Amino acid sequence: MAKVIIFSGAGVSAESGISTFRDSDGLWENYDIREICSAGCLSWNRDETIKFYDMRREDIRNKKPNYAHQEICKLKEKYPNDIAIITQNVDDMFEKAGCSDVLHLHGFLPEVVCESCGFKENIGYDKLDSAYSECPSCAVLLRPNIVFFGEAAPRYADLYEAFDDCEVFVVIGTSGNVINTDMFLNRQIKLSILNNLEPSAAINDRLYSKVLYKKATEAIDEIIMDIEDFLA
Ligand code: APR
């Protein structure tokens, strides 16, 4: 398994023009999590919930990966077995940058899924309306393939497993409120890099070997250099 984990959050896509969640004017300042992204929303508030994710899909349609996504994908291409790209993001910026081997912990916006049989379909940037609303085999209503607050996140098992062989842990663009990255800093990690715009109350930056408070596109060259030095 990979020696290097590049773990990202909304901040890595901020410079592509995709809103973060908890920065000022982030998504959760303008929407109520309880109404459109919590377990149960689809039963009591389906229309609004579906509409919210239709808008998110439309929002990423013309968005482009930025320099950070591109450099991370180039590195993965160069060292396919040594690098794991793990993200909390549901956008497709890494995929648009050419990398398909990405672990999306909180789901993937272009996909809709049947909760009953697991049928999954990539609808791109379309709306989850008449054309796609029912599962073709069991006629259950499809839902966005997004992990809501209070729901199980099945890919977390893969996240924990990925740390078995991890020696370099790079964190880019997450406040650490949902997944506290500090908890992965065990003795096996020889190099840890934290890159955010600013300190977060949820992250203890003294635990990291290197801290870069700057935009991901400005930090990425140094990060890539450190990883390549480690792998050399
Ligand atoms: N470059 C680097 N970091 C940035 C940039 C940037 N250009 N812009 C913002 N950031 C940093 C901020 O400093 C902040 O620490 O990105 C972080 C964004 O934090 P959040 O908005 O909380 O996003 P994230 O941590 O990814 O949220 C986790 O919460 O709502 C859920 O499921 C959703 O996956 C999401 C999870």
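These numbers come from a predicted model, not from an experiment. Numbering of residues begins at 1 and proceeds along the displayed sequence.
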_Closest non-hydrogen atom pair between Ser200 and Ser175, with its separation_ = OG-O, 2.6 Å

*Of the non-hydrogen atoms in Cys99 and Ile85, which two are nearest, and what is the gap between them?*
SG-CD1, 3.8 Å

*Please identify each residue that fulfils side chain to side chain donor-acceptor pair (under 3.5 Å) with Arg34, with sequence neighbours left out.*
Asp32

_Beyond-backbone contact of Phe184 with Val171, side-chain heavy atoms, under 4.5 angstrom_ = no

*Please collect all side chain to side chain donor-acceptor pair (under 3.5 Å) contacts where either partner lies in residues 215-225, sequence neighbours excluded, each pair once.*
Glu15-Thr217, Tyr67-Asp221, Lys210-Glu222

_Separation between CG of Asp91 and CD1 of Ile18, rounded to the nearest 0.5 Å_ = 4.0 Å

*With a 3.5 Å cut-off and no angle check, do the side chains of Glu95 and His104 form a donor-acceptor pair?*
yes

*Is the closest side-chain heavy-atom distance between Val147 and Leu105 below 4.5 Å?*
no

*Can you tell me how far CG of Asn195 sits from NZ of Lys214, rounded to the nearest 0.5 angstrom?*
8.5 Å

*salt bridge (charged side-chain N to carboxylate O under 4.0 Å, His left out) involving Arg56 - partner list, sequence neighbours excluded*: none

*Kindly indicate, with the supporting measurements, whether the criterion salt bridge (charged side-chain N to carboxylate O under 4.0 Å, His left out) is fulfilled by Lys3 and Glu167.*
CA-CA 5 Å; Lys3 276 193 214 142; Glu167 294 177 30; 5.8 Å; no

*For the side chain of Ser209 and the backbone of Leu191, is there at least one donor-acceptor N/O pair under 3.5 Å apart?*
no

_Starting from Leu109, can I reach Leu103 by hopping between I/L/V/M/F/W/Y residues whose side chains sit under 4.5 Å apart?_
yes

_Sequence neighbours excluded, every pair satisfying ring-ring contact (aromatic ring centres under 6.0 Å, His included) that has a member inside residues 10-51_ = Phe21-Trp28, Tyr31-Phe52

*List the atom of Val90, the atom of Pro110, and the distance in Å for their closest heavy-atom pair.*
O-CD, 4.0 Å

*Backbone N or O of Ala10 within a donor-acceptor pair of the Ser13 side chain at under 3.5 Å?*
no

*How far does CG of Asp229 sit from CD1 of Ile224, to the nearest 0.5 angstrom?*
11.5 Å

*How would you list, by chain and number, every residue that makes a salt bridge (charged side-chain N to carboxylate O under 4.0 Å, His left out) with Lys63, sequence neighbours excluded?*
Asp59

_Less than 4.5 Å apart, side chain to side chain, heavy atoms only: is that true for Phe169 and Leu185?_
yes

*Answer yes or no: is there a donor N or O on one side and an acceptor on the other, between the side chain of Asp54 and the main chain of Lys127, under 3.5 Å?*
no

*Do any N or O atoms from the side chain of Asp164 and from the backbone of Met1 form a donor-acceptor pair under 3.5 angstrom?*
no

_Any pair counted as ring-ring contact (aromatic ring centres under 6.0 Å, His included), so long as it reaches residues 212-232, sequence neighbours left out_ = none

*Test side-chain contact (heavy atoms from CB on, under 4.5 Å) on Val168 and Ile5 and set out the steps.*
CA-CA 6 Å; Val168 178; Ile5 291 182; over 6 Å; no

*With sequence neighbours left out, what residues match Asp126 under side chain to side chain donor-acceptor pair (under 3.5 Å)?*
Tyr132

*Take Lys74 and Glu77, measure what salt bridge (charged side-chain N to carboxylate O under 4.0 Å, His left out) needs, and give me the verdict at the end.*
CA-CA 5 Å; Lys74 266 199 237 164; Glu77 219 172 279; over 6 Å; no

*Quick one: does Asn186's side chain have a donor or acceptor within less than 3.5 Å of a partner on Ile189's backbone?*
yes

*For the pair Asn66 (side chain) and Val12 (backbone), establish whether a donor and an acceptor sit closer than 3.5 Å, ignoring hydrogens and angles.*
yes

*Find out whether Ile86 and Ile6 are in side-chain contact, i.e. whether some heavy atom of one side chain is under 4.5 Å from a heavy atom of the other.*
no

_Side-chain touch Ile179/Leu159, heavy atoms, less than 4.5 angstrom_ = yes

*asked:* Show every ring-ring contact (aromatic ring centres under 6.0 Å, His included) that has at least one partner inside residues 72-96, sequence neighbours left out.
replied: His69-Phe94

*Test Tyr125 against Asp92 for side chain to side chain donor-acceptor pair (under 3.5 Å), laying out the working first.*
CA-CA 11 Å; Tyr125 311 105; Asp92 59 351; 2.5 Å; yes

*asked:* With a 4.5 Å cut-off on side-chain heavy atoms, are Ile50 and Leu42 touching?
replied: yes

*Side-chain contact test, heavy atoms from C-beta onward, threshold under 4.5 Å: evaluate it for Val170 versus Phe7 and give yes or no.*
no

*asked:* Among residues at least two apart in sequence or on other chains, which ones pass side chain to side chain donor-acceptor pair (under 3.5 Å) with Ser116?
replied: none

*Which residues satisfy the salt bridge (charged side-chain N to carboxylate O under 4.0 Å, His left out) test with Asp182, sequence neighbours excluded?*
none

*Rounded to the nearest 0.5 Å, what's the gap from NZ on Lys120 to CZ on Phe108? Could you check?*
10.5 Å

*asked:* Please check if the number of heavy atoms outside Gln188 that lie under 6.0 Å from its CD is greater than 12.
replied: yes

*Quick one: does Asn89's side chain have a donor or acceptor within less than 3.5 Å of a partner on Gly9's backbone?*
yes

_I'd like to know whether the aromatic ring centres of Tyr53 and Phe148 sit less than 6.0 Å apart in this structure._
yes

*How far does CG of Asp47 sit from CD1 of Ile36, to the nearest 0.5 angstrom?*
14.0 Å

*Side chain of Asn45, backbone of Glu35: donor and acceptor closer than 3.5 Å?*
yes

_Tell me whether Arg143 contacts the main-chain N or O of Glu115 through its side chain, where contact means a donor paired with an acceptor under 3.5 Å._
no

*Only counting residues at least two apart or in another chain, list the ones meeting side chain to side chain donor-acceptor pair (under 3.5 Å) with Gln88.*
Thr174

*Cluster overlap Ile123 with Val140, hydrophobic side-chain contacts below 4.5 Å*: no

*If you round to the nearest 0.5 Å, how far is OG of Ser8 from CD1 of Ile172?*
7.0 Å

_Pair Arg22-Glu29, salt bridge (charged side-chain N to carboxylate O under 4.0 Å, His left out): steps then yes or no_ = CA-CA 7 Å; Arg22 295 172 187 81; Glu29 208 165 86; over 6 Å; no

*Shared ILVMFWY cluster between Ile72 and Ile223, side chains joined below 4.5 angstrom?*
yes

*Set of residues satisfying salt bridge (charged side-chain N to carboxylate O under 4.0 Å, His left out) with respect to Asp101, sequence neighbours excluded*: Lys76

*With side chains defined as the heavy atoms from C-beta onward, is the minimum distance between Ile203 and Tyr208 less than 4.5 Å?*
yes

